[in-house]
**Student:** 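Okay, handing you the structure first.
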Amino acid sequence: MRLAAALLAALLPVAGWAAEGRVVAARFGEPTTRYDHGVLGDAVEWGALTITLQSAAGTSEHTIRLPENRVFEDVAPRLVDLDRDGSPEVVVVETDLNRGARLSAWQPGAEAPLVATPYIGQRHRWLAPLGGADLDGDGFVELAYVDRPHLAKVLRVWRYREGAFREVAAAEGLTNHRIGWDHIPGGIRECGQGPEMITADRDWGRVMASRLTGGRIETRALGGYSAEAMASAMACR
């Protein structure tokens, strides 16, 4: 069974946190076999998401449970402050058993996501996230993922603005996951010249760096692909 790591966010506190505190961690729970995809290497997905909050009074936890027709199909939750209020949202891959995967952002105590991309639209179709950042310096946070990394291999970027997601750019021929892997290599790096999205090319021959510039994704090769080369790219080496 995959272990879902709780990811912490290094964000500075600001006034206006929710009264119950600031989101500091999240983890998946309640493993389930009700979805038979197995793209991450086993038959187990997740039925629940537990969010940890920190306040002056201490820590508290809120658990979100999905209905029987949905699962969390992901390696770990990601903390991304979409609205930049100092308390991050929890970004996950959420899958409908008949409509496939979507990227959704949750807040503690909610019965539905704060915001979500559309479902891919077909059973056994998945997406692999890279993460979130202000990718083009416009003051708004974008989320990036590879749409169907084993089939379509399309990098998509969605901007969060005024309470909604809008797709702002896409680029073909990029991927970040092989069927059966229990991890998603690459991601978003910052090496001092603005955020870059790190993936492999379509055929896993090269490590690729992509930038969101002027509403378009510009991509360049960093060198030949290997697990070590991908890790070095993420470490700005």
Side-chain angles (χ1 to χ4, degrees), residues 1-7 9 18 20-53 59-83 87-132 143-152 156 158 160 162-167 177 179-184:
M1 181 186 299
R2 301 185 309 276
L3 296 179
L7 302 184
E20 63 269 22
R22 172 177 175 266
V23 174
V24 295
R27 66 183 186 275
F28 293 128
E30 300 183 12
T32 176
T33 57
R34 62 179 180 250
Y35 187 50
D36 61 352
H37 194 192
V39 73
L40 291 165
D42 59 30
V44 179
E45 306 305 339
W46 305 98
L49 172 67
T50 297
I51 301 174
T52 303
L53 298 108
T59 60
S60 60
E61 292 189 336
H62 296 255
T63 296
I64 295 162
R65 291 180 172 86
L66 292 178
E68 289 295 310
N69 66 328
R70 304 210 306 271
V71 296
F72 295 113
E73 191 180 15
D74 205 346
V75 297
R78 298 154 195 84
L79 302 190
V80 182
D81 191 359
L82 293 175
D83 53 12
S87 184
E89 284 66 46
V90 182
V91 176
V92 295
V93 181
E94 177 192 342
T95 297
D96 181 279
L97 274 58
N98 295 310
R99 292 180 288 175
R102 67 178 181 179
L103 201 64
S104 61
W106 290 81
Q107 295 176 319
E111 296 183 359
L114 169 71
V115 64
T117 64
Y119 289 109
I120 290 174
Q122 183 178 341
R123 183 178 178 85
H124 293 168
R125 296 294 182 266
W126 186 68
L127 60 87
L130 278 78
L143 296 180
Y145 64 76
V146 176
D147 176 4
R148 291 159 292 171
H150 323 115
L151 296 170
R156 298 190 185 278
W158 294 74
Y160 180 77
E162 298 176 350
F165 278 149
R166 181 173 69 88
E167 187 174 4
H177 187 265
I179 293 175
W181 279 2
D182 64 356
H183 62 287
I184 302 171

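Position 1 is the first residue of the sequence; numbering continues from there.
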**Student:** Compare every heavy atom of Asp81 with every heavy atom of Asp83, then report the nearest pair and how far apart it is.
**Tutor:**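 Result for this residue pair: OD1-OD1, 3.0 Å.
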
**Student:** Roughly how far, to the nearest 0.5 Å, is OG1 of Thr117 from CG of Leu103?
**Tutor:**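 Taking CG in Leu103 and OG1 in Thr117, the distance rounds to 5.5 Å.
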
**Student:** For residues Thr50 and Thr63, is any side-chain donor paired with an opposing acceptor at under 3.5 Å?
**Tutor:**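 Judged by distance alone, the side chains do pair up.
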
**Student:** Would you call Glu61 and Arg27 a salt bridge, using N to O less than 4.0 angstrom?
**Tutor:**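 Salt bridge present between Glu61 and Arg27.
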
**Student:** Ignoring hydrogens, what is the shortest heavy-atom contact between Pro129 and Leu127? Give both atom names and the distance.
**Tutor:**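 For Pro129 and Leu127, the tightest heavy-atom pair comes out as CD-O, 3.7 Å.
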
**Student:** Within the side chain of Arg34, is there an N or O that forms a donor-acceptor pair under 3.5 Å with the backbone of Glu45?
**Tutor:**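 The answer is no, because no donor-acceptor pair under 3.5 Å joins these two groups.
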
**Student:** Side chains of Asp74 and Phe28, heavy atoms from C-beta outward: is any pair under 4.5 Å?
**Tutor:**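 They are in contact (side-chain heavy atoms under 4.5 Å apart), so the answer is yes.
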
**Student:** Taking all non-hydrogen atoms of both residues into account, name the closest pair between Ala26 and Leu79 and its distance.
**Tutor:**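 Smallest heavy-atom distance, with atoms named: CB-CD2, 4.2 Å.
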
**Student:** Could you tell me the separation between the CD atom of Glu89 and the CG atom of Leu143, rounded to the nearest 0.5 Å?
**Tutor:**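 Going from CD on Glu89 over to CG on Leu143, the span is 10.0 Å.
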
**Student:** Closer than 4.0 angstrom, basic N to acidic O: yes or no for Arg123 and Asp36?
**Tutor:**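 Between Asp36 and Arg123 there is a salt bridge, with a charged N closer than 4.0 Å to a carboxylate O.
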
**Student:** Quick one: pull up CZ in Arg65 and OG1 in Thr32 and give me the separation to the nearest 0.5 Å.
**Tutor:**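 It comes to 13.0 Å.
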
**Student:** Where do His124 and Tyr35 come nearest, in terms of heavy atoms and distance?
**Tutor:**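 Heavy-atom minimum between the residues: N-OH, 2.9 Å.
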
**Student:** What are the two closest heavy atoms between Ala128 and His177, and how far apart are they?
**Tutor:**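 Answer, listing the atom of Ala128 first, then His177: CB-CB, 4.2 Å.
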
**Student:** State, with a plain yes or no, whether a side-chain heavy atom of Trp46 is found less than 4.5 Å away from one of Val71.
**Tutor:**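 Contact flag for Trp46/Val71 side chains = no.
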
**Student:** Are Ile120 and Arg148 close enough, and set up right, to give a side-chain contact (heavy atoms from CB on, under 4.5 Å), and what steps lead you there?
**Tutor:** CA-CA 9 Å; Ile120 290 174; Arg148 291 159 292 171; 4.0 Å; yes

**Student:** Is there side-chain contact between Ile51 and Gln107, with heavy atoms separated by less than 4.5 Å?
**Tutor:**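 No; the side chains remain at least 4.5 Å from each other.
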
**Student:** Apply side-chain contact (heavy atoms from CB on, under 4.5 Å) to Glu94 and Trp106, showing your working.
**Tutor:** CA-CA 10 Å; Glu94 177 192 342; Trp106 290 81; 3.5 Å; yes

**Student:** Less than 4.5 Å apart, side chain to side chain, heavy atoms only: is that true for Pro77 and Val91?
**Tutor:**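 A side-chain contact under 4.5 Å is absent here.
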
**Student:** Using side-chain heavy atoms (C-beta onward) and a distance below 4.5 Å, is Leu53 in contact with Arg22?
**Tutor:**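 No, too far: nothing below the 4.5 Å cut-off.
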
**Student:** Using side-chain heavy atoms (C-beta onward) and a distance below 4.5 Å, is Pro118 in contact with Phe165?
**Tutor:**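 Counting from C-beta outward, Pro118 and Phe165 never come under 4.5 Å.
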
**Student:** Does Leu97 offer a backbone N or O that forms a donor-acceptor pair with the side chain of Arg99 under 3.5 Å?
**Tutor:**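 Answer holds: no.
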
**Student:** Could you grab the distance from atom CG of Leu66 to atom OG of Ser104, nearest 0.5 Å is fine?
**Tutor:**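 Spacing of CG (Leu66) from OG (Ser104) equals 8.0 Å.
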
**Student:** In Å, rounded to the nearest 0.5 Å, how long is the span from NE2 of His150 to CH2 of Trp181?
**Tutor:**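 The distance works out to 9.0 Å.
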
**Student:** Of the non-hydrogen atoms in Arg78 and Ile184, which two are nearest, and what is the gap between them?
**Tutor:**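 Smallest heavy-atom distance, with atoms named: NH2-CD1, 4.0 Å.
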
**Student:** For residues Thr52 and Ser60, determine if any side-chain heavy atom of one lies less than 4.5 Å from a side-chain heavy atom of the other.
**Tutor:**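 No - every pair of side-chain heavy atoms lies 4.5 Å or more apart.
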
**Student:** Within a strict 4.5 Å, meaning less than it, do heavy atoms of the Val115 and Tyr160 side chains meet?
**Tutor:**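 Yes, side chains in contact.
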
**Student:** Is there a donor-acceptor pair closer than 3.5 Å between any side-chain N or O of Asp182 and the backbone N or O of Leu40?
**Tutor:**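 No; zero donor-acceptor contacts below 3.5 Å.
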
**Student:** Do Asp147 and Arg156 meet the salt-bridge criterion of a basic N to acidic O distance under 4.0 Å?
**Tutor:**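 Salt bridge flag = yes for Asp147 with Arg156.
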
**Student:** CG/Leu151 to CD/Gln122 distance, rounded to the nearest 0.5 angstrom?
**Tutor:**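 So the gap between those two atoms works out to 9.0 Å.
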
